[in-house]
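What's counted below: heavy atoms across the whole structure, side chains too, no hydrogens, waters or symmetry copies. When a residue number appears, it is its place in the shown sequence, counting from 1. First listed ligand is number 1; within each ligand, the first listed atom is number 1. Note that the coordinates shown come from a computational prediction; the quantities given were computed from them, not determined experimentally.
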Amino acid sequence: EIIHCRLMIAADGRLSSSRRSMGIPSEVKDFGKTVIVCKMEHEKPHSNIAYECFHYGRTLAVLPMIGNYSSIVITIASDQADSIMNMKDQTFNQDIQTRFNSRLGGMMIAGKKYSYPLFASHASHFHANRFALIGDASVGMHPVTAHGFNLGLRGSKTLATVIEEALASKLDFASVEILSKYNQKHQRSTRPLYYGTNLLVDLYNSERLTAKVLRRLALRFGNNFWPVKKLIMGQLTEVQ
Ligand SMILES: Cc1cc2nc3c(=O)[nH]c(=O)nc-3n(C[C@H](O)[C@H](O)[C@H](O)COP(=O)(O)OP(=O)(O)OC[C@H]3O[C@@H](n4cnc5c(N)ncnc54)[C@H](O)[C@@H]3O)c2cc1C
């Protein structure tokens with residue numbers, strides 16, 4: 001079926017086939033890791049606090065859901081992922097509870113575990129003639145800072161504003177000239193976050209002594225130097 005439209009906006013994820021069909025290159029960073037996601041029920045309330053635990057060789061995120069449920073996100077080297085995927089529920093429950101220091105009391109898996117290869121991607125540009133990329137199709141972030149979705153919303157808002165301004169000036173909102181404004185504005189937001197996050201991930205994955213010292217210093221600096229803390233929080237929560 002052929003559909004005619006003035007502007008096509010693609011939001012088909014980080015492996016976007018629309019992006020590829022439009023000839024837009026994308027750089028991909030493969031972390032060699034697998035992400036395992038599942039839902040768990042726990043005895044104690046989470047009080048709406050999200051945790052990211054950096055253990056040697058793996059990270060564990062415990063993200064609050066409605067009620068006494070949390071979304072569990074484990075990032076692990078791909079060659080070790082099967083051992084977790086194949087764990088019996090009882091062993092898995094005990095393992096997560098122990099790694100989380102029983103902060104939420106007893107933990108029980110609720111449903112299935114799912115696994116995904118972990119890679120990040122950034123399109124070289126977010127537009128073509130009568131075509132725009134948004135969401136993960138434009139930038140697929142590493143989930144460590146949990147702001148990929150927010151960044152997608154920011155991109156949609158930037159695109160909507162550019163289109164609104166063009167309509168108000170009676171210009172062709174789907175022309176390359178107008179869409180390149182969206183591209184420039186959004187690339188200015190995404191590039192520092194994308195490369196900054198990847199750098200942070202490399203720093204936290206490295207077992208070298210210099211990396212260990214650097215990340216300790218970076219954490220202290222980020223936590224104690226208020227302007228830096230405010231800047232990071234503003235970027236991640238979209239509160240500017
Ligand atoms: C493990 C993990 C944890 C995350 N945690 C967080 C977090 O805590 N906070 C946060 O802000 N972000 C998080 N993110 C990022 C967030 O999930 C993504 O940024 C967000 O889902 C991107 O939305 P999207 O709609 O652009 O793409 P997607 O969610 O990938 O959706 C794309 C959709 O397009 C569909 N599609 C693909 N091709 C076609 C086609 N040809 N025709 C029709 N449909 C098609 C797909 O089936 C899919 O439904 C996380 C990501 C991962 C992997």
Side-chain angles (χ1 to χ4, degrees), residues 1-3 5 8-24 26 28-40 46 48-55 58-66 69-78 80-81 84-85 96 109 111-123 126-128 131-160 182-183 186-187 189-191 193-194 196-198 200-201 204-205 232-240:
E1 189 189 356
I2 297 176
I3 299 171
C5 59
M8 177 174 163
I9 300 175
D12 49 351
R14 54 187 78 189
L15 285 174
S16 172
S17 52
S18 320
R19 182 181 68 210
R20 170 166 279 272
S21 341
M22 292 304 288
I24 299 179
S26 178
V28 172
K29 183 168 168 70
D30 187 342
F31 295 95
K33 305 253 177 187
T34 293
V35 181
I36 298 171
V37 187
C38 68
K39 184 174 164 185
M40 290 189 90
H46 48 54
N48 293 319
I49 297 173
Y51 291 89
E52 181 83 39
C53 313
F54 294 90
H55 300 137
R58 67 155 80 183
T59 61
L60 168 68
V62 181
L63 311 170
M65 298 175 83
I66 293 172
Y69 287 95
S70 288
S71 172
I72 304 298
V73 185
I74 303 162
T75 311
I76 188 137
S78 293
Q80 293 167 40
I84 298 180
M85 288 302 287
I96 298 295
I109 187 163
K112 278 173 66 177
K113 302 187 211 82
Y114 298 89
S115 71
Y116 306 91
L118 181 57
F119 63 90
S121 63
H122 197 297
F126 302 153
H127 73 302
F131 178 84
L133 290 169
I134 57 167
D136 275 23
S138 55
V139 187
M141 298 288 298
H142 187 289
V144 67
T145 43
H147 70 292
F149 182 68
N150 280 347
L151 198 58
L153 291 181
R154 194 199 295 187
S156 306
K157 189 178 170 205
T158 306
L159 178 60
Y182 158 63
N183 177 56
H186 198 37
Q187 293 261 357
S189 304
T190 59
R191 287 211 177 259
L193 279 174
Y194 179 78
T197 304
N198 290 352
L200 189 81
V201 170
Y204 277 87
N205 279 335
I232 296 171
M233 279 165 57
Q235 286 288 333
L236 298 185
T237 56
E238 301 288 318
V239 179
Q240 302 295 328

Which heavy atom of [X] sits nearest a heavy atom of [Y], and at what distance?
X: G155; Y: Y182; answer: O-CE1, 3.3 Å
X: Y69; Y: K39; answer: CD2-CE, 3.6 Å
X: A137; Y: S16; answer: CB-CB, 3.8 Å

Hey, is [atom] under 4.0 Å from any protein heavy atom?
atom: atom 49 (O) of ligand 1; answer: no
atom: atom 3 (C) of ligand 1; answer: yes
atom: atom 34 (O) of ligand 1; answer: yes
atom: atom 44 (N) of ligand 1; answer: no
atom: atom 14 (N) of ligand 1; answer: no
atom: atom 10 (C) of ligand 1; answer: yes
atom: atom 22 (C) of ligand 1; answer: yes
atom: atom 29 (O) of ligand 1; answer: no

Verdict with reasoning, V62 to H46, per side chain to side chain contact (heavy atoms under 4.5 Å, CB included): CA-CA 9 Å; V62 181; H46 48 54; over 6 Å; no
Mutual orientation of the aromatic rings belonging to H122 and Y194 [parallel < 30°, tilted 30-60°, perpendicular > 60°]: perpendicular
Considering heavy atoms of the protein only, find what lies nearest to [atom] and give residue, atom and distance to 0.1 Å.
atom: atom 25 (O) of ligand 1; value: A11 O, 4.3 Å
atom: atom 41 (N) of ligand 1; value: S17 OG, 3.9 Å
atom: atom 12 (N) of ligand 1; value: F149 N, 3.2 Å
atom: atom 19 (O) of ligand 1; value: D136 OD1, 2.7 Å
atom: atom 1 (C) of ligand 1; value: V35 CG1, 3.4 Å
atom: atom 8 (O) of ligand 1; value: A146 CB, 3.3 Å
atom: atom 39 (C) of ligand 1; value: D12 CB, 3.9 Å
atom: atom 52 (C) of ligand 1; value: P143 CB, 4.0 Å

Does an N or O anywhere in R14 fall below 3.5 Å from an N or O of ligand 1? no
Return a yes/no value for A137: is any of its N or O atoms, backbone included, closer than 3.5 angstrom to an N or O of ligand 1? no
Should you measure from each heavy atom of G135, which atoms of ligand 1 turn up under 4.0 Å away? 26 (O)
Please could you name the atoms of ligand 1 that N150 approaches to less than 4.0 Å, counting only its heavy atoms? 11 (O)
Could you measure the distance from the CG atom of L118 to the CD1 atom of I76? Nearest 0.5 Å is fine. 12.5 Å
If you take the nearest heavy atom of each of S71, G13, A50, P117, which one is closest to atom 27 (O) of ligand 1? G13
Taking only non-hydrogen atoms of G152, do any sit less than 4.0 angstrom from ligand 1? no
Hey, mind stepping through V144 and T59 against side chain to side chain contact (heavy atoms under 4.5 Å, CB included) and telling me if it holds? CA-CA 9 Å; V144 67; T59 61; 5.7 Å; no
Between H147 and L193, is the side chain to side chain contact (heavy atoms under 4.5 Å, CB included) condition met? List the steps. CA-CA 10 Å; H147 70 292; L193 279 174; 3.8 Å; yes
Is the distance between the ring centroids of H142 and F31 under 6.0 Å? yes
Would you say F149 has more than 12 foreign heavy atoms packed within less than 6.0 Å of its CZ? no
With a sphere of 6.0 Å drawn around CZ of R20, does it hold more than 12 non-hydrogen atoms of other residues, nucleotides or ligands? no
Using the rule given for side chain to side chain contact (heavy atoms under 4.5 Å, CB included), can you reason through I74 versus I96, listing the C-alpha separation, both sets of side-chain angles and the distance that settles it, and then say yes or no? CA-CA 10 Å; I74 303 162; I96 298 295; 3.7 Å; yes
Could you verify whether a donor N or O on one side chain and an acceptor N or O on the other, from S115 and T34, lie under 3.5 Å apart? no
